[in-house]
K.L.:
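Once you've had a glance at the structure underneath, I'll fire off some questions.
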Amino acid sequence: MTDPLYHLTWLSRPLMQQVETTVEHGLQGTGLTVRTRAVMEVLLQGPLTVPTLAEALHIQRQYVQVMVNEALAAGFVCKQANPRHARSHLIALTPDGSELIENVMAQEHALLAELAGDLPADEVATALRIVKTLITRFQSHNQGLTL
C-alpha cells in the first residue's frame with residue numbers, strides 16, 4: 001500500500017504543474033493571473049477577510065495579501081467594512097469580478113469534463129476522498145513543526 005500511495009503523493013506536484021499551465025493558458029486576455037483567480041474562486045462563497053482567505057487557500061496570509069492587492073488593483077475585488085473587526089476589511093468580488101470568475105470556471109469545468117472522458121465517477125470520488133484525507137493527516141502531522 002505504501003508504494004502506490006507514495007507515488008500518488010509525489011504525482012500531485014506534476015499534476016498541479018500541468019493544471020496550472022492549462023489554467024494560465026485559459027486566463028490569457030482576462031487580466032487574471034493564476035493566483036488572483038484562486039482568490040476570486042474562494043470569494044464566490046462571499047466576502048472574507050485576508051486571514052480567512054489564507055486559511056481556505058492553505059497558504060500564508062502575507063502571500064494572500066499580495067494576491068488580494070493584485071485583484072484590488074485590477075478592479076476584480078473591493079474592500080468592505082467588517083462589522084466584526086474595524087481594521088480587518090472584508091474582501092468581496094465586484095460585479096465584474098464575479099462575472100469573470102464564473103465565466104472562467106465554466107470554461108475550466110467544460111475542459112475538465114472533456115479531459116475526464118471515461119474516468120469512472122466512483123473512482124474519482126474515491127481519489128477525492130483519499131486526497132482530502134491525506135491533506136488532513138499531513139496538516140495534523142505538520143502542526144507544531146518548525147522549519
K.L.:
Identify whether Tyr63 and Leu57 are in the same connected component of the hydrophobic contact network (ILVMFWY, side-chain heavy atoms under 4.5 Å).
P.N.:
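They do share one cluster, since a chain of ILVMFWY contacts under 4.5 Å joins Tyr63 to Leu57.
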K.L.:
Could you measure the distance from the CZ atom of Phe76 to the OG1 atom of Thr94? Nearest 0.5 Å is fine.
P.N.:
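One gets 8.0 Å once the value is rounded to the nearest 0.5 Å.
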K.L.:
How would you list all residue pairs meeting side-chain hydrogen bond (donor to acceptor under 3.5 Å, both in side chains) that involve residues 66-91, not counting sequence neighbours?
P.N.:
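For residues 66-91, and leaving out neighbouring residues, the side-chain hydrogen bond (donor to acceptor under 3.5 Å, both in side chains) pairs sorted by first residue read Arg35-Glu70, Gln65-Asn69.
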K.L.:
How close do Leu90 and Pro83 get, counting heavy atoms only, and between which atoms?
P.N.:
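Shortest heavy-atom contact: CD1-CD, 4.3 Å.
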K.L.:
Applying a strict under-4.5 Å side-chain criterion to I, L, V, M, F, W and Y, I'd like to know whether Val34 and Met105 cluster together.
P.N.:
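As far as the 4.5 Å side-chain criterion goes, Met105 and Val34 are connected within one cluster.
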K.L.:
Would Leu15 and Val23 show up in the same hydrophobic cluster when neighbours are defined by side-chain heavy atoms closer than 4.5 Å?
P.N.:
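Yes; tracing contacts between hydrophobic side chains, which count when under 4.5 Å, links both residues.
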K.L.:
Please report the shortest heavy-atom distance between Gln60 and Ala54, naming the atom on each side.
P.N.:
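Residues Gln60 and Ala54, closest heavy atoms: C-CB, 4.1 Å.
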K.L.:
Roughly how far, to the nearest 0.5 Å, is the CG atom of Leu72 from the CE atom of Met67?
P.N.:
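The CE atom of Met67 sits 12.5 Å away from the CG atom of Leu72.
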K.L.:
Rounded to the nearest 0.5 Å, what separates atom CG in Leu93 from atom CD in Glu102?
P.N.:
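Rounded to the nearest 0.5 Å, the CG-CD separation comes to 8.5 Å.
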K.L.:
Starting from the C-alpha separation in whole Å, work towards a yes-or-no answer on side-chain contact (heavy atoms from CB on, under 4.5 Å) for His58 and Gln139.
P.N.:
CA-CA 10 Å; His58 302 278; Gln139 285 174 328; 2.8 Å; yes
K.L.:
How far does CG of Leu11 sit from OH of Tyr6, to the nearest 0.5 angstrom?
P.N.:
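Those atoms lie 10.5 Å apart.
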K.L.:
What distance do Ile59 atom CD1 and Leu53 atom CG have between them, rounded to the nearest 0.5 Å?
P.N.:
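So the gap between those two atoms works out to 9.0 Å.
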K.L.:
Tell me which donor-acceptor pairs under 3.5 Å the side chains of residues 108-123 have, and how far apart each pair is, sequence neighbours excluded?
P.N.:
from, atom 1, to, atom 2, distance (Å)
Glu108, OE1, Arg37, NE, 3.3
Glu108, OE1, Arg37, NH2, 2.5
Glu108, OE2, Arg37, NE, 2.9

K.L.:
Could you please spell out the steps behind the side-chain hydrogen bond (donor to acceptor under 3.5 Å, both in side chains) verdict for Thr133 and Thr136?
P.N.:
CA-CA 5 Å; Thr133 298; Thr136 300; over 6 Å; no
K.L.:
Out of curiosity, does Leu8 fall in the hydrophobic cluster containing Val124 (side-chain heavy atoms, cut-off under 4.5 Å, transitive links)?
P.N.:
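Different hydrophobic clusters.
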K.L.:
Please tabulate, for side-chain N and O atoms in residues 42-50, each donor-acceptor pair with protein atoms closer than 3.5 Å (sequence neighbours left out).
P.N.:
from, atom 1, to, atom 2, distance (Å)
Gln45, NE2, Val42, O, 3.2
Thr49, OG1, Thr52, N, 3.2
Thr49, OG1, Thr52, OG1, 2.9

K.L.:
Can you classify the ring geometry of His141 versus Phe138 as parallel (below 30°), tilted (30 to 60°) or perpendicular (above 60°)?
P.N.:
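Rings of His141 and Phe138: perpendicular, as their planes differ by over 60°.
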K.L.:
Atom CG of Leu100 and atom CE of Met40: how far apart are they, to the nearest 0.5 Å?
P.N.:
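One gets 5.0 Å once the value is rounded to the nearest 0.5 Å.
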